[in-house]
Amino acid sequence: MSENPNNSSNFIKHIVKEDLAEGTYDHIVTRFPPEPNGYLHIGHAKSIVLNFELADEFNGETNLRFDDTNPLKEDQEYVDAIKEDIEWLGYEWEGLRYASNYFDEMYNQAVILIKKGLAYVEDLSQEEIREYRGTLTEPGKESKSRSRSAEENLELFEKMRNGEFANGEKVLRAKIDMASPNINLRDPVIYRISHTPHHNTGEKWCIYPMYSFAHPLEDAIEGVTHSICTLEFEDQRPLYEWVVENCEIDAEPKQIEFARLNLTNTVMSKRKLKQLVDENYVDGWDDPRMPTISGLRRRGFTPESIKTFCREIGVSKADNLVDVRMLEHFVREDLKLTSPRTMSVLRPLKVVITNYPEGEVEWLDADINPENPEMGTRKIPFSREIYIEQSDFMENPPKKYFRLFPGNEVRLKHAYFIKCNEVIKDDEGNVVELHCTYDPETKSGTGFTGRKVKGTLHWVEATHAKEAEFRLYNSLIDDEKSGDDFLDFVNPDSLEVAHGYVEPNMEEAKAHDKYQFFRHGYFNVDPKETTAYKLVFNRIVELKSSFKL
RNA sequence: AGGGCUAUAGCCAAGCGGUAAGGCAUCGGAUUUUGAUUCCGUGAUUCGCAGGUUCGAAUCCUGCUAGCCCUGCCA
C-alpha cells in the first residue's frame with residue numbers, strides 16, 4: 001500500500017518528521033487499538049487511515065491491537081467484525097495483538113510499582129474513593145490505605161489476584177498526588193477486581209488493568225513510538241508518561257491526540273449506535289443507514305472512497321463537524337468511471353407507443369459507461385410498450401419542465417424521440433398510462449439533427465423488464481429536528497422502498513455489484529436481501545441535481 | 001470557576017516572520033443523448049477580539065472572549 005497519495009500536511013506528520021530528524025526514534029511504529037465492544041464506524045476509519053498511512057509514509061509499521069481489558073463489555077463477535085472491516089479497507093497490520101496477552105507483564109509491572117512505593121491497595125469503597133477524590137476546584141484527600149507498607153500491599157495485591165476478594169472490595173491505585181489540579185493524577189485506580197471470564201484469557205484472571213495503566217504498557221511492550229488517540233485523552237497524557245517513566249520497561253512511546261471526526265446528520269458514538277441496533281431503529285450494525293464500516297459497505301461505499309475522504313478531511317486538534325456531502329462526493333467520484341450505467345425505473349408509468357408495430361422488438365446498442373468507453377456496449381430491447389419514471393411526466397407542468405407532458409416531445413435515451421398524445425387515467429383521476437408516438441427518423445446513433453428536444457428520459461422495455469426492489473435511503477439522523485434525546489433526531493423517513501423494473505441484462509447482477517442508474521444515482525446490489533428470484537438494490541447516493549420543481 | 005485544549009470563508013483545512021494553498025458546499029456561464037459529468041468563473045485587504053514587538057505578524061509577546069474535554073473500579 002505505498003501509492004496512497006496524501007500530500008497534505010498535519011501536525012502529527014510534523015512531529016514524526018522532527019522525531020526522525022532528531023533521532024528520537026530511528027523508525028516509527030503506530031497502532032490501531034480498538035476495544036472489541038462494538039463495530040467500527042467512519043470515525044474509526046479516520047484513525048485507521050491516519051495510523052496505517054502515517055507509518056507507511058515513513059517506512060514504519062502498524063499493529064492492530066485489541067484493547068480488551070474490560071471483559072464485561074467485550075466479545076469475540078466484535079473482534080472478528082473489526083478485523084474484517086480493516087482488511088476490507090485494504091490495510092495489512094504488522095502484528096495482531098491483544099492487550100490481554102500482556103496481562104502477566106502488566107501484573108509484574110504493578111508489582112514493581114508497589115515495591116517502589118508507587119502503588120497501593122485501597123480499602124475504600126467506590127463511593128468513598130469518589131468522595132476522597134475531591135472536585136474540580138477542591139483537592140482530594142489521602143486515605144489511610146495510602147500509607148500501607150509495600151510488603152502488605154504486595155500481599156493484598158496477590159490476594160486480589162487469587163480471587164480472595166469480591167468485586168469492588170479492593171482496588172490497586174497509583175500513588176501520585178491527591179492534590180493535583182489534574183484529577184487523573186489523584187491516585188488513579190490501575191487495577192480492579194472483576195470476576196468475569198475473558199474472551200481471550202478465560203478464567204485465568206479476576207483482576208483487570210485499567211486503560212490508563214494498560215495502554216502505555218501495551219504501547220511500550222510493542223515498541224510503539226507514536227500512540228495516537230483522540231482529544232479526550234489529553235488530560236491523561238501526564239499519567240501515560242508517569243506509567244512509562246515509573247514502570248521498568250525499555251521503550252518510550254509518546255501519546256499524541258487529535259480531534260475525532262463528527263459528521264452532519266450522523267451519530268458517531270458506539271453507545272448511540274448500539275442503542276439504534278438494540279431498539280430496532282435499524283436492521284443491525286450493518287444496516288445501510290448506519291455510519292459503521294459494515295453499514296457503509298452494505299450501502300455500497302467503496303474502500304477507496306472512504307479512504308480518500310479520510311485523507312481529505314485532514315487531521316487537527318480543532319473540534320470539527322464535516323458535511324456528509326463530502327463523503328458522498330468521494331463515492332460519486334470513485335464510482336463515476338468504474339460503474340456500468342444502466343436504466344432502471346423506480347416508480348413505473350406505462351407508455352404505449354401507438355405507431356410502433358405490435359409484437360416487434362428491436363435491440364439497441366448502449367454504452368456501458370460513456371466516460372469510460374473501454375467498458376464497451378450492451379444491448380437493450382425496445383418495443384411498443386415501455387415504462388418511464390412517474391416523475392418524468394406531468395399533465396400540467398411548470399415552466400422549464402423538460403420532461404414529458406401532453407404535446408411535448410422528449411428523447412428516450414439510446415432510442416427515439418417520443419411525443420405524448422394522450423393521458424389515460426383511472427376512476428380516481430390518477431395517470432395510469434400514456435399514449436405516445438415515436439419518430440423512426442430520430443433513432444439514436446443515426447446522427448439525426450432535424451430538431452432538438454430539451455429532455456432525455458430513461459426507460460425500460462415492458463415485456464423484457466425484470467422486476468426489482470429499490471431501497472432509497474435518507475439520513476437516519478436529521479440535524480434539523482429538535483429535541484433533548486438523540487432519538488428525537490431519528491428521521492422516520494430514512495428508508496423508502498420502491499418496486500420497479502431494471503434492464504433484462506441485470507439478471508447477471510451479483511451481490512455488491514455497483515451501477516449508476518441513469519439519472520438516479522449509484523446503487524449497490526444488497527448482499528443480504530438479494531436472491532435468485534429477487535433483486536434488491538441499495539441507493540448509495542443520488543446524482544447531484546440542479547433540478548427544482 | 002482548578003486543570004487541559006482549540007479558534008484561518010458556510011464546512012473541513014494548509015500555512016511555522018516576507019505579504020492567505022487545496023477540497024466540499026454555494027452561485028454564475030460554456031459544453032452535454034444523464035437537469036449528471038467536464039470546463040471556466042465565483043468568495044478572507046484578512047486569520048476569535050484588543051494591544052504590543054518588528055521594516056514586515058495568521059505566524060512572536062501580553063491581555064481578553066468564546067467553544068470543547070476532565071470529578072468511571074469505561075475506553
Could you check whether H458(A) gets within reach of a base, just the sugar-phosphate, or nothing at all, counting any heavy atom under 4.0 Å? nothing
On RNA chain B, reading 5' to 3', which nucleotide is the first and which the last to sit with an atom under 4.0 Å from a heavy atom of chain A, could you check? A1(B) to A75(B)
Centres of the Y39(A) and Y78(A) rings: under 6.0 Å? yes
Give K413(A) one of three labels, base, sugar-phosphate or nothing, depending on what nucleic acid heavy atoms sit under 4.0 Å from its own. base
Mind checking which stems touch RNA chain B? I mean at least 3 consecutive Watson-Crick or G-U pairs, both distances under 3.5 Å. B:2-7 with B:65-70, B:10-12 with B:22-24, B:27-30 with B:38-41, B:48-52 with B:60-64
Taking G52(B) as the reference, what is the distance to A14(B) when you measure between their C1' atoms (whole Å, please)? 28 Å
Run the ring-centre check on Y240(A) versus F233(A) and record whether the distance is less than 6.0 Å. no
Its glycosidic angle compared against 90° from 0, G10(B) adopts the form anti
Regarding S444(A), tell me which of base, sugar-phosphate or nothing describes its non-hydrogen contacts under 4.0 Å with the strands shown. base
Pairwise P distance, U59(B) and U19(B) [rounded to whole Å]: 15 Å
In whole Å, measure the gap between the C1' atoms of A13(B) and A75(B) for me. 29 Å
With heavy atoms under 4.0 Å as the rule, sort Q516(A) into base, sugar-phosphate or nothing. base
F157(A) ring center within less than 6.0 Å of Y107(A) ring center: yes
If the P atom of C16(B) is compared with that of U38(B), how far apart are they to the nearest Å? 32 Å
Base, sugar-phosphate, or nothing: which does L136(A) touch, judged by heavy atoms less than 4.0 Å apart? base
Any base atoms under 4.0 Å from R403(A), or only sugar-phosphate, or nothing? Heavy atoms, all strands. base
At 4.0 Å (heavy atoms only), tell me whether R325(A) reaches a base, stays on the sugar-phosphate, or touches nothing. sugar-phosphate
Could you tell me whether L321(A) contacts a base, only the sugar-phosphate backbone, or nothing, with contacts defined as non-hydrogen atoms closer than 4.0 Å? sugar-phosphate
Residue pairs passing the ring-ring contact (aromatic ring centres under 6.0 Å, His included) test with at least one member in residues 162-189 of chain A, sequence neighbours excluded, are none
Inter-nucleotide C1' distance (U37(B), A44(B)), Å rounded: 31 Å
Please state the C1' separation for the pair A25(B) and C61(B) - nearest whole angstrom. 38 Å
So, F402(A) versus F547(A), ring centres under 6.0 angstrom or not? no
Would you please say whether a donor-acceptor pair under 3.5 Å links the side chains of S227(A) and Q255(A)? no
Could you work out the separation of C73(B) and C64(B) based on their P atoms and round it to a whole Å? 34 Å
In whole Å, what separates the C1' atom of A30(B) from that of U42(B)? 15 Å
Within the 4.0 Å heavy-atom criterion, would you say G445(A) contacts the bases, only the backbone, or no part of the nucleic acid? base
Ring centroid separation W459(A) to F382(A) under 6.0 Å: yes
Parallel, tilted or perpendicular: which describes the rings of Y515(A) and F517(A), with under 30° parallel and over 60° perpendicular? tilted
Under 4.0 Å between any heavy atoms, over every strand shown, what does S212(A) touch: base, sugar-phosphate, or nothing? Just pick one. nothing
Answer with base, sugar-phosphate or nothing: what part of the nucleic acid does F330(A) contact at a heavy-atom distance below 4.0 Å? sugar-phosphate
Taking atom types as modelled, find out whether D67(A) and H215(A) have a side-chain donor-acceptor pair closer than 3.5 angstrom. yes
State whether the number of non-hydrogen atoms from other residues, nucleotides or ligands found under 6.0 Å of E441(A) atom CD is greater than 12. no
Specify the residue among T264(A) and H520(A) whose closest nucleotide of RNA chain B lies further upstream toward the 5′ end. T264(A)
Describe the nucleic acid contact of D235(A) in one word from base, sugar-phosphate, nothing, applying a heavy-atom distance below 4.0 Å. base
Is the centre of the F301(A) ring less than 6.0 Å from the centre of the F330(A) ring? no
Starting at the 5' end of RNA chain B and moving along, which residue's nearest nucleotide shows up first, K46(A) or S545(A)? K46(A)
Please work out if R237(A) contacts a base, only the sugar-phosphate, or nothing of the nucleic acid, heavy-atom cut-off 4.0 Å. nothing
Answer with base, sugar-phosphate or nothing: what part of the nucleic acid does L457(A) contact at a heavy-atom distance below 4.0 Å? nothing
